[in-house]
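Just below is one structure, and these are the notes that go with it.
Start at 1 and go down the list; that is how both ligands and their atoms are numbered.
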Amino acid sequence: MLIHKDFNLQDHHSFGVSVKSEYFSSVGSLEELQRALQYASDKRTPVYVIGEGSNVLFTKDFPGLIIKVAFTGVEIDQSSGVVRVAAGENWHSLVTTCMNSGLHGLENLALIPGSVGAAPVQNIGAYGVELASFIKNVRGVDISSGEPFVLNASDCRFGYRDSIFKKPEGANLLVSEVTLQLQEDWLPDLSYALLDKEFCETPVETPQELFSIVCRIRRRKLPDPKLIGNAGSFFKNPFVSASSLERLKVRHQDIVWFDTDNENIKKISAAWLLEKLGWKGRKHGGAEVSSVHALVLINAADASGKEISVLAQHMVTSVLEEFGIVLEPEVSIL
Ligand code: EPU
């Protein structure tokens, strides 16, 4: 295990901005992780953990040790549908492997960037499905004590793009392995068909067809972080009361919104709010709002993290002023 000093993080996060960390280590085993943690403790330096860095925006150099979790390995128990995956595996590769092994459920989550370890942190979701419904347990290490932990799905306190790992009490929990419960029977969630005509127009009769449609929609609507720096949706879709939505509808009949489990709470499309305010394609330095999806900020021309965060802040301010709604970032801003 190597500890790099004064390390450029550009290739280790999906915004691709040029920032440095004081120290950097990619760890491939629990033993390497313990050694990296010991190093940080000896140096009395802060630690930040990344997977593929697809949900973080670095606005300045990081004065500490960045640990990249690179554990690999996938174990599939075909008969029970239980899949144990190491945190450093790529999420989309896992979706493909499970589908090709005849275990289903993850097809709606195809092509979400990032690693398996980051998936429960965000409770990744797309096209009507959230990861939380497939989690059996999450294993890892408390980086403050070095102690291992196992949390079952309810202990993970999953919510919309949220989990214990994003809360202060879970901030020291590094995910090393995720266990999923999948199904041999294919019980597709096609609820998103109501939102995208591609789902309505194309009959979906096999998991492979569902997987292909999801990939096609994502390629059409979202810029590929391998080609252009971005972190997917920069903001979460905000929740408002049903009565606030009624008031908004008086002025904006075309507002896009979604029901939630609670009939008094509605979710508003942040992309709609931003598009309505003309944010698509607007720039700040090298940072730009994607012209295909208003919720996605891109590193269009060698942007700094600061430029991206300033652009995001301007977007938040304009949504607050026009709609009285506070947009919260989905991306962790450092
Ligand atoms: N819309 C606009 N303008 C746009 C884009 C979308 O008005 O520029 C409206 C359209 O009416 C569209 C609706 O918003 O039908 C919903 O758009 P989309 O299907 O892209 O979904 P989203 O709510 O913007 C969420 C997730 C995405 C996920 C999609 C699909 C969040 C914050 N984002 O986006 O996740 O892929 O649903 O299920 O919940 C991510 O988290 O990084 C991410 C990309």
Ligand-side contact atoms (ligand 1) for residue partner [X], heavy atom cut-off under 4.0 Å:
X    : result
R161 : 26 (C), 27 (C), 31 (C), 33 (N), 35 (O), 39 (O), 40 (C), 41 (O), 43 (C)
A294 : 4 (C), 8 (O)
R218 : 36 (O), 44 (C)
W272 : 2 (C), 7 (O)
A126 : 36 (O), 38 (O)
E275 : 2 (C), 3 (N), 4 (C), 7 (O), 8 (O)
K280 : 8 (O)
Y160 : 31 (C), 32 (C), 39 (O)

Fill in: Shared hydrophobic cluster for L248 and F235 (ILVMFWY, side-chain gaps under 4.5 Å)
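Same cluster.
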Worksheet item: In terms of hydrophobic clusters joined by side-chain contacts under 4.5 Å, are V83 and F158 together?
Response: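 Yes: a chain of side-chain contacts under 4.5 Å links V83 to F158.
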Ligand 1 contact on [X] by region, counting heavy-atom pairs under 4.0 Å:
X    : answer
H293 : both
F235 : backbone
Q122 : neither

Worksheet entry | Of I66, L334, V56, the residue whose pairing with H13 passes side chain to side chain contact (heavy atoms under 4.5 Å, CB included) | V56
Item to complete: Please determine which of K276, R282, E275 meets the side chain to side chain contact (heavy atoms under 4.5 Å, CB included) test together with W279.
Response: R282
Item to complete: Determine whether more than 12 heavy atoms belonging to other residues, nucleotides or ligands lie under 6.0 Å from atom CD of E169.
Response: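 Enclosed: over 12 neighbouring heavy atoms sit under 6.0 Å from CD of E169.
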Worksheet item: Are there more than 12 heavy atoms of other residues, nucleotides or ligands under 6.0 Å from atom NZ of K249?
Response: yes
Discussion item. Using heavy atoms and a 4.0 Å limit, tell me yes or no: is K276 in contact with ligand 1?
Written reply: no
Item to complete: Over all heavy atoms of both residues, which pair between A110 and R218 is shortest? Give the atoms and the distance, please.
Response: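 Residues A110 and R218, closest heavy atoms: O-CD, 3.2 Å.
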Worksheet entry | Closest heavy-atom pair and its distance - I76, S101 | CD1-OG, 3.6 Å
Discussion item. Within this structure, what is the OG-NZ distance for the pair S243 and K266, rounded to the nearest 0.5 Å?
Written reply: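 Here the interatomic distance stands at 11.0 Å.
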Worksheet item: Among G128, G232, G114, S233, which residue places a heavy atom closest to atom 40 (C) of ligand 1?
Response: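 Nearest heavy atom to atom 40 (C) of ligand 1 lies in S233.
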Worksheet entry | Nitrogen or oxygen of K236 less than 3.5 angstrom from that of ligand 1 |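 No - when backbone and side-chain N and O of K236 are compared with those of ligand 1, no distance drops under 3.5 Å.
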Discussion item. With nothing but distance in play, are any N or O atoms of F258 less than 3.5 Å from an N or O of ligand 1?
Written reply: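 Min N/O separation from ligand 1 is not below 3.5 Å for F258.
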Fill in: Aromatic plane relationship, F7 with H12 - under 30° parallel, 30 to 60° tilted, over 60° perpendicular
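Taking F7 first and then H12, their aromatic rings sit tilted (interplane angle of 30° to 60°).
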